[in-house]
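Worksheet for the structure shown next.
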Amino acid sequence: MALPRPRLYVSRLLPEPVMARIRGAYALTHSPGDDPPTREALLAGVRWAEAVIVTLTERIDDEVLRAAPSLKIVANYAVGYNNIDVDAARQRGVVATNTPDVLTDATADLTWALLCAVARRVPEGHALVQSGGWTGWTPTQLLGAEIAGQTLGIIGMGRIGRAVAERARGFRMPVLYTSPRPMPSLSDPAWRRVELDELLRSADFVSLHVPLTPDTRHLVGRRELALMRPTAYLINTSRGPVLDEGALADALREGRPAGAALDVFEEEPKLHEGLRAVANVVTLPHLGSATLKTRVQMGLVCLANIEAVLAGRTAPNQVT
Ligand code: GLV
Ligand code: GLV
């Protein structure tokens, strides 16, 4: 008789190539849908699972882990894992993993899409043409900010921050970055490590790339925004709570910084009132890793981690 398939809980429907792999090798504890599971559905879904794949909308805390006595691994379908209580998992002997590397390029690309969109007023221009109200080219229409040659500030020079910096070479932009430690391997002469305040004072574009931890919650708030240049732009593709949205709304009203482009929000999917229908704010619905290739690879990384742990091996992307 064939061995029973390992029981897997998947919180959300993943791209079909991943679902096909899952159906071929695992017994699903329930049939996932597009929407986030309710807390009750999550607690019920993990009940018999030996492994779970969850996303950033599911909070995995001690209550969930307690509800899943057979659980060996929580594979987070994301690089950021602030939704997982890693200490609680460790205490219960459950491995937690993430999906680094495979989403670095997609997220860095989207960061540049946002940077260009806010500086060159892409959404405003699109809306004007689509509205039928465009009356033709004028020398003064929708003037934006120059990008090439300006200074890029990267808060958090991890994999994604670095990939964003690498793309700045084509724009001939000097890069200032913050990082807890000097990184000797970052030897590009156009890249300079500085303190946060100096970066905020000097950069024309400030882009956030830190993970969300208790230390980085509201890392950029009222005080930090007030240091930015009135002509500067802020981009966030990391996690919403790294930025104090209320403070940003006030700062934008006061004209400093000049604009902001956000892919992530403090209380997704809610948008802070002060950031709604403001011309100098560009918003996207958390699309950082949203390419088909990347989302498939993220699923395969989750499955590789699960296979390893269920076979008694070390998970390649264990986060503890
Ligand atoms: C998405 O936000 C991720 O952390 O992968
Ligand atoms: C994530 O992979 C990061 O290091 O920024």
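Basis for what follows: all heavy atoms, side chains included, without hydrogens, waters or symmetry-related copies. Both ligands and their constituent atoms are indexed starting at 1 by order of listing.
Without hydrogens or angle criteria, Arg39 side chain to Arg59 main chain gives a donor-acceptor distance under 3.5 Å.
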Is there any protein N/O under 3.5 Å from an N/O of ligand 1, and what does the full list of such pairs look like?
residue, atom, partner, partner atom, Å
ligand 1, 2 (O), Arg239, NH1, 2.7
ligand 1, 2 (O), Arg239, NH2, 3.4
ligand 1, 2 (O), His286, NE2, 2.7
ligand 1, 4 (O), Val79, N, 3.2
ligand 1, 4 (O), Gly80, N, 2.9
ligand 1, 4 (O), Arg239, NH1, 3.3
ligand 1, 4 (O), Arg239, NH2, 2.6
ligand 1, 5 (O), Val79, N, 2.8

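Residues that satisfy the side chain to side chain donor-acceptor pair (under 3.5 Å) test with Thr151, not counting sequence neighbours, are absent from this structure. Partners of Glu254 under the salt bridge (Lys or Arg N to Asp or Glu O under 4.0 Å) rule, at least two apart in sequence or in another chain, do not exist in this structure.
Pairs of residues two or more places apart, or lying in two chains, that qualify as salt bridge (Lys or Arg N to Asp or Glu O under 4.0 Å) and include a residue from residues 202-212 are Asp204-Arg229.
Arg21 has its side chain out of reach of Val18: every pair of non-hydrogen atoms, C-beta onward, lies at least 4.5 Å apart.
For the residue pair Thr237 / Thr107, no side-chain donor-acceptor distance below 3.5 Å is found, with atom types taken as modelled.
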